[in-house]
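The block underneath contains the structure these notes are about, expressed in structure tokens.
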Number of protein chains: 2
Amino acid sequence: MDTPEYPAIDREALTRRLRTHGVTPTSQRLDIARELFEKPAHFSAEDVYERVNGVEAAVSKATIYNTLGLFVAKGLLRQVFVEPGKVIYDTNLDDHDHFYDEDSGTLIDIGSVGIAAAALPPLPSGTALDRVDVIVRIRRSQP
Amino acid sequence: MDTPEYPAIDREALTRRLRTHGVTPTSQRLDIARELFEKPAHFSAEDVYERVNGVEAAVSKATIYNTLGLFVAKGLLRQVFVEPGKVIYDTNLDDHDHFYDEDSGTLIDIGSVGIAAAALPPLPSGTALDRVDVIVRIRRSQP
DNA sequence: TATAGACTTAGAATAATTCTAGGTCTAACC
DNA sequence: GGTTAGACCTAGAATTATTCTAAGTCTATA
Ligand SMILES: [Mn+2]
Ligand SMILES: [Mn+2]
Ligand SMILES: [Zn+2]
Ligand SMILES: [Zn+2]
């Protein structure tokens with residue numbers, strides 16, 4: 001018998017995870033999901049492209065973007081905007097905020113700073129709260 | 001005598017404002033500042049380009065970007081990141097946060113939600129707090 | 001008035017992302 | 001088992017926002 005590329009249990013768990021969220025598990029989507037969901041982490045689209053396509057490119061950039069967008073739409077992933085022209089995909093779906101190191105570009109999970117809806121001014125009429133993004137920007141301090 | 005393009009007092013006040021912040025007041029910078037600082041507001045670079053260059057283009061796109069960048073560096077302006085690939089320049093320098101209407105793309109000033117430094121986890125060593133950005137994302141609610 | 005350095009500019013270049021249009025795969029049905 | 005509609009994937013072109021380049025212009029100071 002062949003040694004599978006990676007344990008069947010993983011692939012099956014991933015398959016279930018995608019199906020649970022209404023995503024048809026294609027082979028490309030599983031390849032991408034395998035890199036993403038190994039452990040909670042932050043990725044750029046380029047990161048994902050490089051990790052999925054180790055030596056030979058197997059999954060196209062268009063599919064990387066399509067899949068990341070689909071995963072976001074289906075609630076498997078969230079986006080964080082810290083810099084113009086650079087989206088970070090976050091596999092940590094718990095309610096949490098971030099430190100952003102402006103010198104190194106590193107994003108670090110912190111617990112939710114927890115802004116109570118009551119602390120906010122009334123929302124414009126006809127609108128509802130989607131979510132609150134808190135980015136704590138930090139810099140190297142002078143030594 | 002000629003009617004000046006706009007009152008001399010304004011131009012002088014703007015000139016002082018730029019000088020105070022260490023910015024040499026060139027004619028292009030004053031044209032840009034006049035649009036920006038008329039009243040507190042949010043602008044994209046394209047907005048500024050269009051407002052400064054009414055009928056005939058007088059200030060280049062490179063200068064718009066150079067100047068906006070300089071104004072940010074000198075503390076005359078701050079940037080807000082709400083969407084990838086789109087920087088918003090904010091002339092309101094008071095400590096404040098924003099509603100961002102994801103349907104219309106509108107940014108609305110709100111008072112500072114005021115996150116106490118004590119509410120945050122300890123910063124990574126060697127780093128200092130720069131600032132905390134809070135974006136309250138809202139959407140049209142179902143009618 | 002001369003001049004160094006600061007400033008401005010058109011247009012090219014870059015980077016991230018999206019679009020296009022045609023080929024491939026697959027689930028459902030015969 | 002064979003068909004097929006629709007979903008999916010892809011290379012490469014296109015788009016968008018922004019930055020860079022290189023050369024000309026302005027201006028403060030001597
Ligand atoms: Mn979920
Ligand atoms: Mn100021
Ligand atoms: Zn995170
Ligand atoms: Zn504002």
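Letters A, B, ... mirror the listed sequences (proteins, then strands); counts begin at 1. Bear in mind the structure is a predicted one, so any value in this text is a computation, not a measurement.
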Inset, instruction - Report yes if a side-chain nitrogen or oxygen of B/Ser60 is closer than 4.0 Å to either non-bridging phosphate oxygen (OP1 or OP2) of C/dT9; otherwise report no. - result: yes
Inset, instruction - Return the value, rounded to whole Å, for the distance between atom CZ of A/Phe43 and atom C1' of C/dA16. - result: 19 Å
Legend entry - Between C1' of C/dC25 and CD of A/Gln28, the distance in whole Å: 9 Å
Legend entry - side chain to side chain contact (heavy atoms under 4.5 Å, CB included), paired with A/Leu77, selected from A/Thr67, A/Asn92, A/Leu68: A/Leu68
Legend entry - Quiz item: cation-pi between B/Arg17 and B/Phe37, 6.0 Å / 45°: yes
Legend entry - Length of the line joining B/Leu68:CG and C/dC7:P, which is rounded to integer Å: 15 Å
Legend entry - For chain A, the stretch of DNA chain D it reaches, first to last nucleotide, under 4.0 Å of its heavy atoms: D/dC8 to D/dA11
Legend entry - Flag for A/Ser44-A/Asp47: side-chain donor and acceptor within less than 3.5 Å: yes
Inset, instruction - Answer with yes or no whether the side chains of B/His42 and B/Asp109 bring together a donor and an acceptor at under 3.5 Å. - result: yes
Legend entry - Whole-Å gap separating P (C/dA6) and CZ (B/Arg29): 11 Å
Inset, instruction - Would you tell me if any nitrogen or oxygen in the side chain of A/Thr26 comes within less than 4.0 Å of OP1 or OP2 on C/dT26? - result: no
Legend entry - By side-chain hydrogen bond (donor to acceptor under 3.5 Å, both in side chains) - contacts of A/Thr24 (at least two apart): none
Legend entry - Modelled atom types, side-chain donor and acceptor of B/Asp90 and B/His96, under 3.5 Å: yes
Legend entry - Check: B/Asn53 side chain, B/Ala58 main-chain N or O, donor-acceptor pair, under 3.5 Å: yes
Legend entry - Student check: side-chain heavy atoms of B/Ile135 and B/Phe81 closer than 4.5 Å: no
Legend entry - Under 4.0 Å protein heavy-atom contacts per nucleotide of nucleotides 17-22 of chain C, with B for base, S for backbone only and - for none: BBB---
